[in-house]
Structures are given as C-alpha cells and as structure tokens.
Amino acid sequence: MLDIKYIVAHPEEVKKRLSLRKPELAAQIDGVLEKYSAYKTVLARVEELRAKRNEMSKSIGKIKKEQGDDAAKEAMAEVGKLKEEMAVKEAELDPLKKEINDLLLSIPNLPNEHIPVGVSDADNPEYLPCTTPLPKFDFKPLDHQAVGEKLGILDFEAAAALSGSRFALFKGDGARLERAIISFMLDMHAKKGYTEVLPPVIVNEDILIGTGQLPKFREDMYELVGEPKQFLISTAEIPLTNLNRIRVIPEAELPIKLTAYSSCFRKESGTYGKDTRGLIRNHQFDKVELVMLSKPEHSYQMLEIMVSDAQEILKELGIPYHVVELCSGDIGFSSAKTYDIEVWMPSENRFREISSCSNCLDFQARRMGLRYKNAQGKLEYVHTLNGSGLAVGRTFAAILENFQQADGSVIIPPALRPYFGKDKIEAKK
RNA sequence: GGAGAGGUGGCCGAGUGGUUUAAGGCACUAGUCUUGAAAACUGGCAUACCGCAAGGUAUCGAGGGUUCGAAUCCCUCCCUCUCCGCCA
C-alpha cells in the first residue's frame, strides 16, 4: 500500500501518477485525505484524554498509599467523568482508522515515472526483440491441444469429467514432460543463486493482504470452507514474498533470491470464453516462480536481472520469445514496473505471455511489515520483486507447438533431454 | 482430536493490580583509558503514531472484558513444546 505520509505530502503527484493507470483512481486519494484529517482531529482529543486519565490514575495510587483509600475518592470520581467522553471519542477512532486502512489497501501502487503511458496491452512497447528464428513449417502447424491429444499426452475430456472445464490432465510422456520442465527450471535458477522453496499452497487471509490479492481480488481466489479463512494460492509469489514477513532482515542477507515450483489456483472469473482451449488459461496450473527482496536502491537493477534469468530458460530451450514493457494502464495492482516475456505460438501466429516480472517497490513490504536495518541503523522497507520463471503449462504448450513435426511427433529441446530421458515424443502409429 | 506446559524488547530472562520510563544480563554502539587491542569504567540502545516543539499515545502472542489504573485478573482465539490418538 501507499505511504499515507507520502500521500499527505504530495497529493497532486500521487493523483497524477495513479490516473496514468486509470483516471478515476485520483478521486480515491481525496477520500483518503479527508478521512485522515478527521482521524487526526479525533486522535488528538483521545490522546489528550488518555494522558489526563493516566496522570490521575498515577496520583490515585500515590494518594491511596500515603493517605488511605478514602482520600482518593474525589479523584476517582473525576476520572469517572473523563471516561464518558473517552468512550465516545474512542468509539469514533477505530472505524475511521479502519476506513482509511481499507481505502489504502484498495489503492494500487504508483507506476514508475518512466514507464510508457497507455491504457491496455495494445500500448505495450517491445523492450527486447525476438532473436531466435521463428520455426518454419512445410505443413499447417496444429495448436498444442491438438498436438498433445494426438500424442495421447494431454486429455482434456478426462480432466473435464473429473473437474469441469479449464482443467488439464497430463498423461504418460505428457506428465513426464511437465515434471521435466519443472526440474529443469528449478535447477537453472538454483545455479543463479536462488534458494529453492517448496511452500504450502494453502495460506491465511493476512498473507494475501500482504501481496495484494486481498481485499480487492477476492473473487479470483479459491476460498476454503470454514474457519480460519484460508485460500489456495494463485501464485507461489504469495508464500515466497511473505516468507520473511514481520521480521527485520539483517542487511547482509539482502538481496534474498527465492524460487519455488507450485500448483497455482485461479477462478478466472471474468474470463469466460477467453483462451478456452488447451493449457493457456486453466483453474489449476504449474508455475515456477522467482521472488527477490532487495534494498531500495538496487531494486530496478534486480528487475533487469530477474527478467534476464527468466529469459535464460527460453534461450536454453530454443523457444522464440520477445520482451515487452507494460504500459501504465496494463501493470498489475502491486507493481510499479513490469516486463512481460512472450513466447511464439505458431498456431496463433503471435506471441503469448509466459512470464511477468514486476518491481513492487515497498508496496507489498509495507503491507506485511517487511523491513531491514539500513547502514544508518534505521529501519526501512525492502523492495519486493516477483516474476514467473516460467509458467510451466505455457512452456509445455510452446514446446509442442514450436517443435512439432509433420508426422505428429515432437522434438524435445536438448536442454530438457537429461530430465525427460528421450529426445522426442513419438507419434502414435 | 485429547491432556499438560509455555508465548515478555535483536537474544536470554525477572516481573500475579499502583508511587518516572518492563529489573537484570548478553549482543550492539559511542566515549574514557591504551602505542594498538583486550579488559575495566561511563553513557547510549524497541517500534509505530500524533505534535513546529516540549511532549504525548499505543504496543508484553491476537482480540475482547473487569478496573480510577492491567504484562499481571476474567473470556475467546492463535502459535510453540511434551505426551496420547489418528494418519502418508
């Protein structure tokens, strides 16, 4: 969330930058400022009353000890009167505080000043062009679902029978390939100094507030029945970023680099009819995630490193991709700056998102109290970054589409062969 | 799920209703001393919020309650440890 002090000190700048995401966001800032000034007025009175009460209570103790219980009666009656106003004012305080906090929690991060201005993904400029040659086919390439079903390694009918639409079932070489991709990615990242983590996929409510899924995006999450409120994670970013919450991180530990494979669960509400075929947009999917905690002065540098670490996977696999920079209208709620890596999908004749790498600055850290002690000995919020490294199902799909052969078989990229055990998935006779 | 024990500052740990600030120790840090270091001694040392400041308020796992006053008493919940049950 944004720093209330910063909003108070720079209201016009905050409004201007937020309106680059969406013009109507600026109005929310006025609401916050109004509530905050009311809150301060009440707070000042409450603290004044409390100070008076504390002072008198102390003197009551003193009087009782020195002069006996009866001597204190007058003072006790007087404090009793104070308590009436206190009760009234205190009752006003909490709702105001909660309102301000709720407002702040639902306001997105300020976009970085230098990111391109725009309203949708159509306005995202290319940041790095594709350098891997696009595959050439002397036949009409199939989409990955058709390739997978013909090979008998993907079974969407079976998945639908078990779980409904938007689920996938991997079988035989398919299941094995998915697992190979996961291991390959984790090993690559481990070599680059990321610590591998295997986190829980069920988390508590406050964890989701920390990374920004709650309170605003509850309808995207699978919520479990019962108390305490718990949710299936929609990305491993959630447990990884929250891993060090409410802790003061020793400066020497920064930057912290984490990677995790996890299943991810998303309701995908509001995406009816969109990307309904195949592995592109499912309720449950596999992803290898990258998370970094960095000192503020290094976070943009770390973002470049993260994007390059994620690209490394595609370079090794030989899958064509390019990188785009998201415009102000397209970056996510918590992000100040985001790069998307997009892979080439021959069946669609276009690039498709496979990774999204974001610098969230102190936006998430403030929500979860994640700080470190800087060189001056002052506590300061760390910056958090997250990125896919990569979406496993979409990588699977890209391999099937880019490396399919005329006979229906699929060549396995050399880098994956030690994990997969074979150099191709044979077509059925 | 059941029984018992516990949760206090960066760490250890005292503290079962009141007289200025949660004792003491460790760690850290500054100074004195010293050629330098160690030791010793002296001082500093939580966080957040309000306030121009002086200063104030809050926080002892969380949330409620009792009281003029709560780390301390009461209620609910969470977590950790030990044992039992169940289970991969």
Side-chain angles (χ1 to χ4, degrees), chain A residues 1-9 32-105 198-210 214 224 226-231 239 242-254 256 263 362-363 365-382:
Chain A
M1 74 185 139
L2 300 180
D3 182 0
I4 181 73
K5 286 182 170 167
Y6 191 84
I7 297 176
V8 169
V32 170
L33 289 169
E34 204 176 294
K35 282 274 177 325
Y36 185 63
S37 112
Y39 167 76
K40 278 206 293 195
T41 307
V42 179
L43 181 66
R45 182 63 186 152
V46 165
E47 293 199 344
E48 192 185 331
L49 289 165
R50 280 183 187 158
K52 218 177 267 180
R53 179 205 60 189
N54 288 347
E55 195 190 332
M56 292 187 72
S57 291
K58 269 174 207 158
S59 71
I60 286 171
K62 207 171 183 179
I63 293 169
K64 281 195 172 182
K65 205 145 212 169
E66 288 169 0
Q67 309 172 38
D69 286 4
D70 287 350
K73 275 194 176 139
E74 199 183 312
M76 284 173 68
E78 208 173 316
V79 182
K81 277 183 242 160
L82 276 185
K83 285 187 74 178
E84 286 173 34
E85 195 194 345
M86 268 181 70
V88 174
K89 289 291 175 187
E90 276 180 343
E92 291 175 30
L93 205 57
D94 276 353
L96 274 174
K97 198 172 172 184
K98 189 176 181 317
E99 276 179 72
I100 293 166
N101 199 46
D102 287 353
L103 282 170
L104 286 177
L105 285 177
L198 207 159
V201 298
I202 294 174
V203 295
N204 295 329
E205 197 173 21
D206 55 333
I207 300 302
L208 292 176
I209 291 172
L214 292 183
L224 305 187
E227 289 292 328
K229 287 193 191 339
Q230 292 190 307
F231 301 80
N242 278 283
L243 193 57
N244 289 284
R245 75 186 347 246
I246 316 183
R247 178 165 94 94
V248 175
I249 300 170
E251 191 182 6
E253 286 183 31
L254 294 173
I256 292 176
S263 289
D362 59 0
F363 185 83
R366 181 170 290 110
R367 287 170 166 247
M368 52 199 178
L370 187 53
R371 293 173 300 177
Y372 82 105
K373 208 166 240 181
N374 68 18
Q376 290 77 44
K378 292 292 279 181
L379 289 172
E380 195 174 358
Y381 290 111
V382 301

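Labels below follow one simple rule: chain letters A, B, ... track the order of the sequence lines, proteins then strands, and each chain is numbered from 1.
Applying the salt bridge (charged side-chain N to carboxylate O under 4.0 Å, His left out) definition to pairs two or more places apart or across chains, those involving residues 72-81 of chain A are A/Asp70-A/Lys73. Identified under the salt bridge (charged side-chain N to carboxylate O under 4.0 Å, His left out) test for residues 36-49 of chain A, with sequence neighbours left out: A/Arg45-A/Glu48, A/Arg45-A/Glu85.
For A/Val42, the side chain to side chain contact (heavy atoms under 4.5 Å, CB included) test picks out A/Val46, A/Lys89, A/Glu92, A/Leu93, A/Leu96, with sequence neighbours left out. With sequence neighbours excluded, the residues forming a salt bridge (charged side-chain N to carboxylate O under 4.0 Å, His left out) with A/Lys98 are A/Asp102, listed by chain and number. Under the side chain to side chain contact (heavy atoms under 4.5 Å, CB included) criterion, A/Leu224 pairs with A/Ile202, A/Gln230, A/Leu232, not counting sequence neighbours. In this view, A/Asp206 and A/Asn204, A/Arg245 satisfy the side chain to side chain contact (heavy atoms under 4.5 Å, CB included) rule, not counting sequence neighbours. In this structure A/Leu214 satisfies the side chain to side chain contact (heavy atoms under 4.5 Å, CB included) test together with A/Glu205, A/Leu208, A/Ile209, A/Arg218, A/Phe231, sequence neighbours excluded.
For B/rA48, the OP1/OP2 oxygens have a side-chain nitrogen or oxygen of A/Arg371 closer than 4.0 Å.
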Bracket notation of RNA chain B in which parentheses pair within the strand, [ ] cross earlier pairs, and | pairs with another strand (Watson-Crick or G-U, under 3.5 Å): ((((((((.[[[..)..(.....]]].(((((.......))))).(((((....))))).[[[[[..)....]]]]])))))))....
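The side-chain heavy atoms of A/Leu104 and A/Ile7, taken from C-beta on, include a pair separated by under 4.5 Å.
Using atom C1' as the reference point in both B/rC60 and B/rG6, the two lie 14 Å apart (nearest Å). Rounded to whole Å, the separation between the P atoms of B/rA71 and B/rU59 comes to 7 Å. Of the P atoms belonging to B/rG9 and B/rA46, the separation is 14 Å, rounded to the nearest Å. Taking the P atoms as reference points, B/rC87 lies 48 Å from B/rG17, given to the whole Å. Atom name P, nucleotides B/rC49 and B/rU42: the rounded distance is 35 Å, in whole Å. Rounded to a whole angstrom, the distance from the P atom of B/rA3 to that of B/rG69 is 35 Å. Comparing the C1' positions of B/rG25 and B/rG13 gives an interatomic distance of 8 Å, to the nearest angstrom. Separation of the P atoms belonging to B/rU72 and B/rG63 is 13 Å when rounded to the nearest angstrom.
Checked against A/Leu370 for a side-chain contact (heavy atoms from CB on, under 4.5 Å), the options A/Leu243, A/Val382, A/Asp362 give a single hit: A/Val382.
Counting to the nearest Å, the P atom of B/rU47 and the CZ atom of A/Arg366 are 17 Å from each other. Taking atom CD of A/Glu253 as the reference point, atom P of B/rG10 lies 16 Å away to the nearest angstrom. Distance NZ (A/Lys89) to P (B/rG56): 23 Å, rounded to an integer number of Å. Between A/Lys40 atom NZ and B/rA48 atom P the separation is 17 Å, expressed in whole Å. Atom CD in A/Glu48 sits roughly 11 Å away from atom P in B/rU57 (whole-Å rounding). Between A/Leu379 atom CG and B/rU47 atom P the separation is 6 Å, expressed in whole Å. As rounded to whole Å, 13 Å separates atom P of B/rC49 from atom CG of A/Asn101. One atom, CD of A/Glu90, and another, P of B/rA58, lie 9 Å apart when rounded to the nearest Å.
Contacts of A/Lys52 with the nucleic acid, taken as non-hydrogen atoms under 4.0 Å apart, are absent. Within the nucleic acid shown, A/Ala51 comes within 4.0 Å of sugar-phosphate atoms alone, with no base atom in reach, counting heavy atoms only.
In terms of position along RNA chain B, the nucleotide closest to A/Ile4 lies nearer the 5' end than the nucleotide closest to the other residue of the pair A/Glu55 and A/Ile4.
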Expected string for nucleotides 61-74 of chain B under the B/S/- scheme (protein heavy atoms, under 4.0 Å, primed atoms plus P, OP1, OP2 as sugar-phosphate) is -------BS-----
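To the nearest 0.5 Å, the span separating OH on A/Tyr39 from CD1 on A/Ile4 amounts to 10.0 Å.
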